[in-house]
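Down below is the structure, laid out as C-alpha cells.
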Amino acid sequence: MKILNYTIEFKNQIVSVISTILQKKYNIDKIDPGLLKFEIPPDTNMGHIALACFPFAKLLKNAPQKIAQELSKNWLESIYFKTVEANGPYLNFFFSPTYLKQFLLKDCLESPEYGKSNLGAGKTIMVEYSSPNTNKPLHLGHGRNNLLGMVVSNLLEQLDYQVVKTCLVNDRGIHICKSMYAYQKYGNAETPESTGLKGDKLVGKYYVIYDQKEKENPDIAEDIKQMLRDWEDGDTEVRNLWEKLNGWVLEGFNHTYQRMGAVFDRLYFESETYTGGREAILEAYKAGICEKEPNGAISIDLEDVKLGKKILLRGDGTSMYITQDINTTINKFANYDLDYNLYVVGNEQENHFKVLFSILKKFGYKWADRCEHVSYGMVNLPDGKMKSREGTVVDFDDLMDSMKALAADELKERYSANENKHQIENLDNTAEAIAQSAIKYFILKTNLNKDITFNPKESLSFDGATGPYLQYTHARICSLLNKSTTAIELKEDVNPYEWNEEEIKLLVGLVRFPDAIQQSALDRNPAILCTYIYELCRTFNKFYYEHQILKIECVQTRDNRLLICKAVKAVLGKTLNIFGIEALTRM
RNA sequence: GCACCCGUAGCUCAGCUGGAUAGAGCGUCUGUUUGCGGAACAGAAGGCCAUGGGUUCGAAUCCCUUCGGGUGUACCA
C-alpha cells in the first residue's frame with residue numbers, strides 16, 4: 001500500500017539521511033526525492049512505514065536488498081524512529097515511543113490544525129456546483145453533485161485555500177417555459193400554500209404535465225417558442241409568471257440545500273448573464289480569432305485541439321449555452337481574484353468544458369489554464385437511467401424522508417429492546433443525522449469516475465461500510481470517555497510503554513490523516529478520505545473488541561489507551577465534519 | 001465512424017503516480033457479549049483482476065488488440 005506523498009514531518013528527515021548515505025557510499029551527486037516511495041507494510045510486525053529500494057537499484061547498479069542492508073546499517077539516530085531495519089528490498093521503519101506519544105498523539109489531541117496544511121495559503125479557489133434548472137425538483141443525481149461540491153470545498157479549506165462556493169442557476173430557457181406554459185393553462189392558480197406542496201415540487205408537476213400534453217398535441221411546442229420570445233422581449237405577463245414560479249422553486253431548493261448542508265457564497269443567474277458574452281466574442285472576431293459563417297453566425301476553429309468547429313453566436317445573433325458560459329467565466333475572474341476555478345459538473349459535459357476552456361485560451365485569457373472540470377459519473381438505477389419525464393427519478397427530498405423514517409424505526413426498536421440502555425433524548429434529530437450520514441457516505445465513497453448504481457433496497461443499509469458505522473464508532477468512543485473517572489491527559493511515560501499491535505495500527509492510521517486529506521483535496525475526490533476513515537474505524541472497533549480499556553488494572557496502559565481513543569475521536573470528528581455528517585455522541 | 005470513461009468475489013466497491021501474500025462491505029454458513037454501546041468483532045466459502053499480446057527484475061496497476069457496457073460528438077441546454 002502506498003502512502004505519504006505529501007507533507008509529513010519525518011519524511012524530510014528520511015529523504016535527507018538517505019541522500020547523504022547514498023551520496024557518500026556511491027559517490028553520486030544527488031538523489032531525486034521522487035525515487036523515495038513510502039508505503040505501509042502489510043503487517044505492522046514488519047514495520048510501521050516502509051521504503052522500497054527498487055528504484056535505487058538501477059541508479060546505483062546494485063541489488064535493492066543490498067542497498068536496503070547498507071541503509072539500515074548506516075542509519076543515524078533519529079527522534080522519530082526506534083529502529084530501522086532491512087527486510088529484503090525494503091527498508092522498514094518503526095516509530096519511536098517518543099514520536100508516537102509526544103509528537104503524534106500530542107498533535108491529534110491538542111492541535112485543531114492536525115490534518116490541515118498550508119498548500120493553498122493565500123490562494124483563492126472558486127467551486128461552482130449544483131447549478132440546477134428551475135423547472136423541477138432536485139433528484140439523486142443533483143444530490144451527488146451537491147455533496148461533491150460541498151465536500152470538495154471543505155477539503156480545500158483544510159489546505160487553507162480561500163474557497164468561494166458558487167451556483168449558476170439555470171433559470172431561463174425553453175425548458176423553464178414548459179412548466180410555465182402548463183401551469184398557466186392547467187394550474188388553476190395553485191400555490192404551494194393552497195396545495196401544501198413544496199414550491200419546486202409544484203412546478204415540477206407542471207413540467208411533467210407539459211410533456212404529456214405535448215405528446216397529445218405536438219403543436220404546442222410552437223407556443224413554447226413564442227413564450228420564450230415574449231420572455232426575452234420582457235412581456236409583463238410572462239415575466240410575472242416566470243418570477244412567481246422561479247421564486248417558488250428557489251424557495252423549495254433552499255429548504256433542500258439547508259437540510260443537506262449546502263451553502264453558497266454567491267449565486268449567478270443565467271437570466272442575468274445570458275445576454276453577455278457577445279462583446280467578448282465580437283472582439284475576438286475583430287482580432288481574427290473567430291470566423292463568420294455564410295449565414296452570419298460566428299464560429300471558432302478548434303481543429304488544432306481536435307474539437308472541431310464551434311458556433312459561438314447563431315446566425316440570428318442570439319446566444320448559445322456556451323456563450324453565456326464564456327460570459328460567466330469572464331465575470332467570475334473579474335469579480336474575484338481567482339487562482340483556480342472549478343466546475344463540479346457530470347461527465348456528460350466533459351466535451352463542453354474542453355471546448356469552453358480552449359475557447360477562453362484562444363481568446364487570450366491567461367487564467368484559462370486554471371479552470372478545471374471536476375467530472376463525475378452518473379447515478380443510475382438497477383433498471384437503467386433516471387428520467388424526469390418518465391417519473392423514474394429518485395427525488396432527493398423523498399429519499400431523505402424515507403431514510404429518516406427508517407432510522408427512526410431502527411432507533412425505536414433498539415431502544416425498546418434494551419431498556420437498560422441510555423435513552424435517546426432527541427429521536428427526531430438523531431434519526432435525521434443518521435439518515436444524512438447514510439446517504440452522504442453512500443454517495444461519497446464511490447470514486448468520481450465511476451457511475452453509481454443506486455439500489456434503494458440494498459444501498460442504504462446502516463451496517464458495514466456506511467455513514468452510521470462511522471457515527472456509531474464516534475458515539476462509542478464518546479460513551480467510553482464519559483465513563484472515565486480520571487482526567488485523560490498527555491503525560492510522559494515513566495516506564496517505557498510497549499504499544500500492542502492494535503494500538504500501533506491505530507497510531508499508524510492517525511499518522512496518515514494529513515496525507516489522506518491532502519490527497520483527497522488535490523484529487524478533488526472525497527472517496528479517498530472515505531476509504532481512509534472507514535479503515536481507521538474498522539481498526540478501532542477491532543482494538544476495542546480485543547482490549548479492555550477502562551477496567552484494565554495497569555493505569556499506564558489504561559491511560560495510554562484512553563489517549564488513543566481520544567485521538568481517534570478527534571480525527572473521526574474532523575472527518576465527519578468535512579463530510580457534512582454530524583458526529584453524534586449518542587445514537 | 002471518432003473521442004473519452006468503465007469492466008477486480010454472487011452483488012456493491014477499494015487497491016491503479018508499477019513492488020512484500022489481490023482487500024472490504026452486503027449476502028450465505030459458523031462462532032464471540034457478566035468487558036467499557038452487538039449499528040460491533042472473528043472464522044469459513046467465494047478471484048485465470050473481461051480477453052489476447054507487449055514493456056519490466058516485477059503488471060490488477062503502464063502500452064497496444066479484441067469483446068462487453070456507458071457518455072459525448074447540435075446554429076439544444
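Predicted, not measured: the structure shown is a model, and the values here were computed from it. A note on names: the letters A, B, ... follow the listed sequences, proteins ahead of strands, and every chain is numbered from 1.
Here B/A77 presents its C1' atom at 10 Å from CZ of A/Arg314, a figure rounded to the nearest Å. One atom, NZ of A/Lys309, and another, P of B/U73, lie 17 Å apart when rounded to the nearest Å. The distance between atom CZ of A/Arg538 and atom C1' of B/A40, rounded to the nearest whole Å, is 13 Å. Spacing between atom CZ of A/Phe442 and atom P of B/C26 amounts to 14 Å, rounded to whole angstrom units.
Close to B/U71, at under 4.0 Å from its OP1 or OP2, lies a side-chain N or O of A/Lys385. For the OP1/OP2 pair of B/G37 and a distance below 4.0 Å, the side-chain nitrogens and oxygens of A/Lys483 include at least one atom meeting the criterion. Applying the 4.0 Å criterion to OP1 and OP2 of B/C36, one finds that A/Lys551 has a side-chain N or O inside that range. Contact between the side-chain N/O atoms of A/Ser479 and the OP1/OP2 oxygens of B/G37 is found at a separation under 4.0 Å. Distances shown here put a side-chain N or O of A/Lys37 below 4.0 Å from the OP1 or OP2 atom of B/G18. An OP1 or OP2 oxygen of B/A14 is reached within less than 4.0 angstrom by a side-chain nitrogen or oxygen of A/Lys450. Put simply, A/Asn449 has no side-chain N or O that comes within less than 4.0 Å of OP1 or OP2 on B/U71. Within the structure, every side-chain polar atom (N or O) of A/Asn380 is placed at least 4.0 Å from both OP1 and OP2 of B/G70.
Residue contacts shown for A/Gly315 include a base, since a base heavy atom lies under 4.0 Å away. Residue-level contact check: A/Tyr534 touches the backbone only, with heavy atoms under 4.0 Å from sugar-phosphate atoms and none from bases. Residue-level contact check: A/Tyr469 touches the backbone only, with heavy atoms under 4.0 Å from sugar-phosphate atoms and none from bases. Residue contacts shown for A/Leu307 are absent, as no nucleic acid heavy atom lies under 4.0 Å away. At a threshold of 4.0 angstrom between heavy atoms, the contacts of A/Lys306 with the nucleic acid are absent. A/Asp316 comes within 4.0 angstrom of no nucleic acid atom, judged by non-hydrogen atoms across all strands. Using a 4.0 Å heavy-atom cutoff across all strands shown, A/Ala50 reaches at least one base atom of the nucleic acid. Here A/Thr453 lies in heavy-atom contact (under 4.0 Å) with sugar-phosphate atoms only. Within 4.0 Å of A/Thr585, counting heavy atoms only, lies at least one base atom of the nucleic acid. At the heavy-atom level, A/Ala57 lies nowhere under 4.0 Å from the strands shown.
The base-pairing partner of B/A44, taking Watson-Crick or G-U wobble contacts with both distances under 3.5 Å, is B/U28. Judged by Watson-Crick or G-U wobble contacts below 3.5 Å, the nucleotide B/A3 has B/U71 as its partner.
Under a cutoff of 6.0 Å and an axis angle of 45°, A/Lys136 and A/Tyr207 form a cation-pi pair. For A/Arg512 and A/Tyr532, the positive end is not near the middle of the six-membered ring at less than 6.0 Å and at most 45° from its axis.
Taking the six-membered ring where the residue is Trp, A/Phe454 and A/Phe442 present perpendicular rings, their angle passing 60° and hence far from 30°.
Heavy-atom nearest nucleotides on RNA chain B were determined for A/Gln548 and for A/Asn541, and the one closer to the 5' end corresponds to A/Gln548. Sequence order on RNA chain B of the closest nucleotides to A/Pro55 and A/Ala297 puts A/Pro55 first from the 5' end.
Note that OH of A/Tyr469 and SG of A/Cys537 are 6.0 Å apart. Values are rounded to the nearest 0.5 Å.
Under the 3.5 Å distance criterion, with hydrogens and angles disregarded, a donor-acceptor pair is assigned to the side chains of A/Asp325 and A/His352. A donor-acceptor contact under 3.5 angstrom links the side chains of A/Glu503 and A/Asn500, judged on distance only.
Between B/G52 and B/U8, the two P atoms lie 16 Å apart (nearest whole Å). Nucleotides B/C26 and B/A45, compared at atom C1', are 15 Å apart to the nearest Å. Atom C1' of B/A42 sits at a distance of 35 Å from the matching atom of B/C6, rounded to the whole Å. When the C1' atom is compared between B/C16 and B/C49, the two are found 11 Å apart, to the nearest whole Å.
Between the side chain of A/Asp325 and the base of B/A77 there is no donor-acceptor pair of N/O atoms closer than 3.5 Å. For A/Asn351 against B/C4, no side-chain N or O and base N or O form a donor-acceptor pair under 3.5 Å.
Under a 4.0 Å N-O distance rule, the pair A/Asp304/A/Lys362 qualifies as a salt bridge.
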